[in-house]
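See below for the structure under consideration.
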Amino acid sequence: MDSTKFDGIVFVNTWQEFNTLQYTGRVVHILCGKGNMGFTFQDTHYNISANDYVILPNAALASDFSASDDFQGIMMDLSEAFVTSIAIRSNYGIIGHLSLLQNPVMKLSERDFGICEAALQYLRMRMEDETHLFREELLGSLLTAHILDLYDIHARSRKEQQVSERITSLLRNFIELLYNGEYIRNRDLDFYASRLCITPHYLSEICKKTSGKPASYWIERFTMQEITRLLKQKELSLTEIAERMNFSSVSYFSRYIQKRLGVCPSEYRDNLMRTTILSR
């Protein structure tokens, strides 16, 4: 078999196999050792090369993967359930999560690349021992150690400080509401603050302190990600998309897009079509 598998972890050897994975509810890690890879995440295109480490905290938001003929790397696919089950005590995870939603690529030094490569190779090797009586606990501990190394690398590059357990809980619940699609029905900051039993000002304050962006940025980011995904589906009319996203009218929907993308929805679609034709 090309892949090494465990219920919560999948390693793949080939780019072709990676491209066939189902990403819903998965966290994808890619360590690039040679060549190049490209992908789109949150409507932004990224190109990575040697010594880059990609973490897609919600791989369903990624698309358009491609790789050069000489691409070599380690590709690991994790279930969110398994990552959650290992229950890392540090509250830094929410800082990293919000940061990775803005930019999922970390540039590694030679030293940090070596640490990550060795950790992933060892984790994969130990996964092959299916007779280990405490296999799940062992793999959870090894994954925990690797994630803590990633926290360290990320924190050193950003000089972020830890956040309290209360703020961590509030931010996790806020992001969970967005992942659950609440932005389709509610884009008002007051709604999210009310659900979390805090003031809108405090919600924006803790978001900005942790991610550098206010809460409204995250609501809008998830909204625009879904809108641009729907606009790519040419069989859907603008009226249908506006209705799906609970806009009161197509004109209001168009103004919303114009303000954020600088073009109206139909022009955005035309640009997509021209880009597709030119890339052929």
Side-chain angles (χ1 to χ4, degrees), residues 27-28 39-46 48 52-63 80 83 90-107 147 150-231 245-247 253 255-263 268:
V27 180
V28 170
F39 62 92
T40 299
F41 183 72
Q42 293 270 64
D43 215 33
T44 300
H45 191 74
Y46 296 90
I48 66 167
D52 285 346
Y53 198 119
V54 177
I55 303 176
L56 302 175
N58 181 0
L61 300 177
S63 61
E80 290 180 4
V83 174
S90 172
N91 290 334
Y92 189 79
I94 191 62
I95 297 176
H97 188 93
L98 292 174
S99 176
L100 291 169
L101 282 174
Q102 296 178 71
N103 182 355
V105 181
M106 292 193 296
K107 303 286 184 181
I147 291 174
L150 292 172
Y151 284 1
D152 176 62
I153 292 168
H154 190 268
R156 279 189 279 113
S157 69
R158 292 173 58 86
K159 296 182 174 59
E160 296 282 5
Q161 59 183 3
Q162 295 280 352
V163 295
S164 71
E165 193 169 324
R166 170 172 164 74
I167 290 177
T168 297
S169 177
L170 288 170
L171 290 175
R172 280 181 179 154
N173 290 337
F174 172 55
I175 294 299
E176 185 176 351
L177 287 170
L178 294 174
Y179 274 136
N180 289 339
E182 201 61 62
Y183 59 89
I184 294 174
R185 297 172 290 277
N186 299 285
R187 288 179 283 273
D188 186 17
L189 181 61
D190 289 353
F191 167 82
Y192 295 91
S194 176
R195 286 289 298 270
L196 298 171
C197 300
I198 56 177
T199 66
H201 175 75
Y202 185 62
L203 176 56
S204 277
E205 187 179 74
I206 62 176
C207 281
K208 195 162 187 178
K209 179 180 178 182
T210 306
S211 69
K213 303 290 185 180
S216 57
Y217 167 88
W218 293 106
I219 299 168
E220 185 175 299
R221 179 146 189 156
F222 275 77
T223 301
M224 289 306 301
Q225 168 71 24
E226 181 64 11
I227 288 174
T228 53
R229 186 186 72 81
L230 293 173
L231 285 172
M245 296 299 297
N246 284 288
F247 283 89
F253 172 70
R255 290 196 301 273
Y256 185 91
I257 301 302
Q258 178 82 40
K259 181 179 179 180
R260 287 153 182 84
L261 295 181
V263 294
Y268 178 81

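Excluded from the calculations below are hydrogen atoms, water molecules and symmetry mates; all remaining heavy atoms, backbone and side chain alike, are included. No experiment lies behind these values; they were computed from the predicted model shown.
Distance alone, capped at 3.5 Å, is enough to place a donor-acceptor pair between the T228 side chain and the Q225 backbone.
Looking at heavy atoms from C-beta onward, N246 lies in side-chain contact with I184 at the 4.5 angstrom threshold. Residues H97 and R172 have side chains not in contact (no heavy-atom distance under 4.5 Å, counting atoms from C-beta outward). Side-chain contact between M245 and Y183 is present, with heavy atoms from C-beta onward closer than 4.5 Å. For the pair L203 and L170, the minimum side-chain heavy-atom distance is 4.5 Å or more. Using a 4.5 Å heavy-atom cutoff, the side chains of N103 and S99 are not in contact. Looking only at side-chain heavy atoms (C-beta outward), I198 and R166 come within less than 4.5 Å of each other. Residues K107 and D52 form a side-chain contact, since some pair of their non-hydrogen atoms from C-beta on lies under 4.5 Å apart.
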Test L261 against M224 for side chain to side chain contact (heavy atoms under 4.5 Å, CB included), laying out the working first. CA-CA 9 Å; L261 295 181; M224 289 306 301; 3.7 Å; yes
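In terms of heavy-atom proximity, Y192 sits nearest to N186 at OH-O, 2.6 Å. Residue P57 comes nearest to E80 through the heavy atom pair O-OE2, 3.8 Å, listed as atom of the first residue, atom of the second, then distance. When all heavy atoms of N58 and F41 are compared, the pair lying nearest together is O-CE1, 3.7 Å. The nearest pair of heavy atoms linking A215 to L189 is CB-CD1, 3.5 Å. The shortest non-hydrogen separation linking L56 to A62 is CD1-CB, 3.8 Å. Taking each heavy atom of P214 and C207 in turn, the nearest pair found is C-CB, 3.9 Å.
Both tests hold for R187 against F247: distance to the six-membered ring centre under 6.0 Å, angle to the ring axis within 45°.
Taking the six-membered ring where tryptophan is involved, the planes of F39 and Y46 are essentially parallel, since the angle between them stays under 30° and well short of 60°.
For the atom pair I206 CD1 and L171 CG, the distance stands at 4.0 Å (nearest 0.5 Å). Atoms CZ and CZ, on F191 and R185 in that order, are 7.5 Å from each other to the nearest 0.5 Å. With rounding to the nearest 0.5 Å, the separation of OH in Y217 from CD in Q102 is 4.5 Å. Taken from CD in E220 to CD1 in I227, the straight-line distance is 9.0 Å, to the nearest 0.5 Å. Rounded to the nearest 0.5 angstrom, R221 CZ and L101 CG are separated by 7.0 Å. Distance CZ/F174 to CD1/I219: 4.5 Å, rounded to 0.5 Å.
Of the residues L150, I48, V105, the one that meets the side-chain contact (heavy atoms from CB on, under 4.5 Å) test with Y53 is L150.
Atom CZ of R260 has more than 12 heavy atoms from other residues, nucleotides or ligands within 6.0 Å.
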